[in-house]
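The structure under discussion appears below in the form of structure tokens.
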2 protein chains.
Amino acid sequence: MARVAGQIDVAKNEAILDAAVDVWAERGVQAPMEEIARRAGVSKQTIYNHYGCKADLVQALCARRVHEIVAPLEAPGAIEQPAQALAAFGRVLLTALLTPRYTTLLRTAMANVATMPEVARALYEAGPRASRRGLATFLETETAAGRLACPDPVEAAEFFAGMVISSRQTAYLLGVPLGLTDADIDRIAREAATRFMRAYAV
Amino acid sequence: MARVAGQIDVAKNEAILDAAVDVWAERGVQAPMEEIARRAGVSKQTIYNHYGCKADLVQALCARRVHEIVAPLEAPGAIEQPAQALAAFGRVLLTALLTPRYTTLLRTAMANVATMPEVARALYEAGPRASRRGLATFLETETAAGRLACPDPVEAAEFFAGMVISSRQTAYLLGVPLGLTDADIDRIAREAATRFMRAYAV
DNA sequence: TCAAATTTGGACCCGTCGGTCCATCCCTTA
DNA sequence: TAAGGGATGGACCGACGGGTCCAAATTTGA
């Protein structure tokens with residue numbers, strides 16, 4: 001196990017984070033730390049060496065993991081026809097959203113808004129907020145290029161993302177299985193893109 | 001305090017439910033039962049007389065309160081121009097969604113998916129599912145009447161509801177204050193309706 | 001190979017909270 | 001006014017889980 005001098009074991013740290021997501025996904029945040037330790041193949045004490053208390057673990061987990069999940073949304077990709085670009089964005093968005101890990105993160109953060117609002121806030125900024133902003137920029141460019149007519153790109157971005165996601169995120173958060181296949185996701189994203197293009201045609 | 005013979009005190013029961021929402025809103029579901037009792041001006045024992053255990057209280061609360069909140073969505077209202085009807089629906093939807101009580105309910109249910117999936121399920125059915133179904137029916141009628149062209153009314157309903165809600169629900173659940181005024185809500189609903197009409201024009 | 005730093009596991013402390021018990025009280029009804 | 005059913009509140013129990021402590025084992029850097 002590679003350990004950095006004077007530092008904390010990196011691999012073990014990852015294992016702890018992974019175990020935490022899994023455990024919380026299965027049993028909720030109120031699951032005992034001991035379980036996370038067991039799952040991570042680590043002693044409880046080690047966790048407390050890395051993170052002072054449970055709240056810190058929650059915080060660290062949210063901070064670290066959001067980025068992994070939302071990263072694909074930031075990759076701009078080749079500039080294609082707006083409809084294709086939108087569809088692609090929709091696909092990525094929906095896929096990311098329905099990730100069990102992201103769901104767990106959200107649930108965890110939501111359950112703790114009262115006790116640690118900053119975590120929830122950070123998750124919002126890194127997630128929905130950032131992705132909408134990226135989309136809005138794209139729509140603005142397209143409008144400037146005369147391929148779309150979005151007088152209010154931010155609002156339009158909200159609209160499009162909303163169409164793609166709609167009640168699906170809530171369903172997922174409430175543990176209702178939707179059973180969406182990749183083909184379904186693709187169809188939804190494409191249809192949303194088509195309709196959006198009609199709504200905002202020049 | 002009006003009490004029905006041989007029954008349980010109705011007013012006190014309401015008070016308990018009210019207190020539970022408030023307390024959970026402030027401190028999360030893990031807040032102690034004692035606090036709810038205190039807030040309701042009732043003894044802890046009384047709560048346990050009404051509901052056998054905490055889980056039952058959660059369940060009862062979710063079951064009872066959703067209906068109150070989603071009720072306005074079920075009132076069909078006078079049949080107007082589709083654009084107006086959609087805007088009205090959007091307004092009601094957004095307003096209901098941003099209700100602190102509904103937010104609390106959702107958070108509560110989400111935090112407990114692992115331990116009591118039926119509650120979460122019920123909330124989903126009574127909330128998002130039901131409202132979408134109502135909207136879909138409306139869109140179907142309008143399509144039949146030749147005022148709209150929605151080949152897939154259910155999907156279209158998802159799209160419209162999604163446009164209106166978009167990331168706002170997530171924001172709310174994550175405790176991010178949006179500060180939407182009635183005027184804002186109205187504007188969003190109307191704009192969404194307009195765009196939707198363009199997207200699904202005959 | 002040695003010393004320093006970490007890890008381990010397992011006992012342990014303690015606060016909290018769900019839930020129970022019970023003697024007393026209040027209200028309603030007859 | 002007597003009786004009965006629920007309400008009260010406050011003490012109480014037991015489980016659980018966060019967090020600590022510690023001695024022994026292990027790893028790491030030099």
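In what follows, chains are A, B, ... by sequence order, proteins preceding strands, each numbered from 1.
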- [ ] Name the closest nucleotide to the B:K12 side chain, picking from C:dG19, D:dT8, D:dT20.
- [x] D:dT8
- [ ] Kindly point out which of C:dG19, C:dT7, D:dG18 is positioned nearest to the side chain of B:Y48?
- [x] C:dG19
Presence of [X] side-chain N/O under 4.0 Å of [N] phosphate oxygens OP1/OP2:
{"X": "B:H50", "N": "D:dA7", "value": "yes"}
{"X": "B:S43", "N": "D:dG9", "value": "no"}
{"X": "B:T46", "N": "D:dT8", "value": "yes"}

Open item on the list: With a 4.0 Å cut-off on N to O distance, would you call A:R195 and B:E155 a salt bridge?
Closed with: no
Open item on the list: For a quick check of understanding: with a heavy-atom distance under 4.0 Å over all strands, which category does A:A31 fall into, base, sugar-phosphate or nothing?
Closed with: sugar-phosphate
Task: Donor/acceptor link under 3.5 angstrom from A:K44 side chain onto base of D:dG19 - done: yes
Open item on the list: Judged by each residue's nearest nucleotide on DNA chain D, which is more toward the 5′ side, A:Q45 or A:Q30?
Closed with: A:Q30
TODO: Would you check if B:E191 and A:D152 make a side-chain contact, meaning some heavy-atom pair closer than 4.5 Å?
DONE: no
- [ ] Determine whether the side chains of B:T46 and B:N49 contain a donor N or O and an acceptor N or O closer than 3.5 Å.
- [x] no
- [ ] Verify the neighbour count for atom CD of A:E34: are there more than 12 heavy atoms of other residues, nucleotides or ligands below 6.0 Å?
- [x] no
